[in-house]
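All figures in this text were calculated on a predicted structure; none of them were measured in a lab.
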Amino acid sequence: MSETEPETRVVIVVDDDPMVRRALDSLFRSIGLTTALYESATAFLAVDAPTANSCIVTDVRMPGLSGLDFQKVLAARGVTTPVILITGHGDVPMSVRAMKAGAVDFLTKPFRDQDLIDAVNEALERDRRARRRAGDAAAAKARYDLLTPRERQVMEHVVAGLMNKQTAAELGLSEITVKLHRASLMRKLEVQTVVDLVRLSRDLTASR
């Protein structure tokens, strides 16, 4: 994707009512979003998880898997696409359950188009940030995998706050050798400072 090409943003609509699917399809396309329509949660689950910046808008009450059960299955499969639930029969316990399960919003019909658009924009932004973090973590892991076992040992000591002389004593190396390993690992990891190295180490640990 070029720097000037806008990122595709996809709203996945899962609803058993064809009239609702058509109405939501028209609404989202009118503001420049791409849509993918499914008549049931089962139909969506039969395809691969989305790879584009996306969110899911689904009804609570559907034949087969309900919207709430759909949330559970997505979580169990490790699908982190943000979910917005809509319903004509909502109540407080149902909305609390949905939000506790990670829903971006729980909208009870009738709701304003703008309310749904706002929820979708928030969900897409959440997904965009999550995908960027995941991409950064994957890139950091790929660079970390380039380190030799000795460089990883030196990195652990640097991150722990040890000076070169202390690291050398701990590992039974000369100080100049530690300096060479340290320079090499920082070059491979594409970091300039110890602060950057500590931050990268923390991100690697969080992603494991």
Looking at Q114, I'd like to know if its CD atom is crowded, meaning that more than 12 non-hydrogen atoms belonging to other residues, nucleotides or ligands lie closer than 6.0 Å. yes

Under 3.5 Å, side chain of R9 to main-chain N/O of N121, donor-acceptor pair present? no

Would a hydrophobic clustering, with Ile, Leu, Val, Met, Phe, Trp and Tyr connected at side-chain separations under 4.5 Å, put L180 with L146? no

Nearest non-hydrogen partners of P50 and T81, listed with the distance: CG-OG1, 3.3 Å

Give the cluster check for F44 versus V10: same hydrophobic cluster or not, with ILVMFWY residues linked at side-chain heavy-atom distances below 4.5 Å. yes

Inspect the surroundings of NZ in K72 and state if more than 12 heavy atoms from other residues, nucleotides or ligands are less than 6.0 Å away. no

Would you give the length of the straight line joining atom CG of L197 to atom CD of Q192, rounded to the nearest 0.5 angstrom? 11.5 Å

Nearest 0.5 Å, what's the NE2-CE distance between H157 and M163? 14.0 Å

Once rounded to the nearest 0.5 Å, what's the spacing between atom OG1 of T87 and atom CG of L68? 8.5 Å

Using the rule that Ile, Leu, Val, Met, Phe, Trp and Tyr join whenever any side-chain heavy atoms are under 4.5 Å apart, tell me whether F111 and V14 fall into a single cluster. no

How many angstroms lie between atom CG of L204 and atom CG of L189, to the nearest 0.5 angstrom? 8.0 Å

Check the pair L116 / I84 against side-chain contact (heavy atoms from CB on, under 4.5 Å), numbers first and verdict last. CA-CA 9 Å; L116 180 55; I84 298 163; 4.2 Å; yes

Are I56 and M62 grouped together when hydrophobic residues (ILVMFWY) are joined by side-chain heavy atoms under 4.5 angstrom apart? yes

Could you go step by step and tell me if R202 and V198 meet the side-chain contact (heavy atoms from CB on, under 4.5 Å) rule? CA-CA 6 Å; R202 183 185 61 213; V198 171; 5.5 Å; no

Any donor-acceptor pair under 3.5 Å linking the side chain of S26 with the backbone of A23? no

Evaluate the criterion side-chain contact (heavy atoms from CB on, under 4.5 Å) for residue pair V47 and Y38; output intermediate values, then yes/no. CA-CA 11 Å; V47 302; Y38 297 89; 3.7 Å; yes

Is L171 close to T177 at the side-chain level, that is, under 4.5 Å between some pair of heavy atoms? no

Does the R131 side chain pair with the main chain of T51, one donor and one acceptor, at a distance under 3.5 Å? yes

Measure from the side-chain N and O atoms of D17 to the backbone N and O of M19, and report whether any donor-acceptor pair falls under 3.5 Å. yes

When every non-hydrogen atom of D59 is compared with those of L85, the smallest separation belongs to O-CD2, 4.4 Å

Decide side-chain contact (heavy atoms from CB on, under 4.5 Å) for Y144 and L200; before the verdict, give the C-alpha distance in whole Å, the side-chain angles of both, and the deciding distance to 0.1 Å. CA-CA 9 Å; Y144 179 79; L200 183 143; 5.5 Å; no

Under 4.5 Å between any side-chain heavy atoms of K188 and R143, yes or no? no

Can you tell me how far apart CG (L37) and CZ (R22) are? Round to the nearest 0.5 Å. 10.5 Å

I'd like to know if the side chain of N53 and the backbone of L124 have a donor-acceptor N/O pair within less than 3.5 Å. yes

How close do R21 and D15 get, counting heavy atoms only, and between which atoms? NH1-O, 2.6 Å

Is any side-chain heavy atom of S54 closer than 4.5 Å to one of I12? yes

A side-chain contact here means heavy atoms from C-beta on lying under 4.5 Å apart; do V13 and D25 qualify? no

Sole residue of K179, R182, E175 in side chain to side chain donor-acceptor pair (under 3.5 Å) with N164: R182

Which atom names give the shortest non-hydrogen contact between L65 and A41, and what distance separates them? CB-CB, 3.8 Å

So how far is it from R112 CZ to D118 CG, rounded to the nearest 0.5 Å? 7.0 Å

Side chains of V195 and R199: closer than 4.5 Å at any heavy-atom pair? yes

Does any non-hydrogen side-chain atom of C55 lie less than 4.5 Å from one of V11? yes

Hey, does R152 have a side-chain heavy atom less than 4.5 Å from the side chain of D145? yes

Whether R77 side chain and A49 backbone form a donor-acceptor pair below 3.5 Å: no

Please give me the minimum heavy-atom distance between V104 and P82, naming the atom from each residue. CG2-CB, 3.6 Å

Do V158 and L162 sit in one hydrophobic cluster, given that two such residues count as connected whenever their side-chain heavy atoms are within less than 4.5 Å of each other, even indirectly? no

Result for side chain to side chain contact (heavy atoms under 4.5 Å, CB included) between L147 and one of Q153, H181, M155 points to M155

Can you tell if the side chain of L185 reaches within under 4.5 Å of the side chain of T148, non-hydrogen atoms only? no

Which heavy-atom pair separates V20 from K109 by the least distance, and what is that distance? CG2-NZ, 4.4 Å

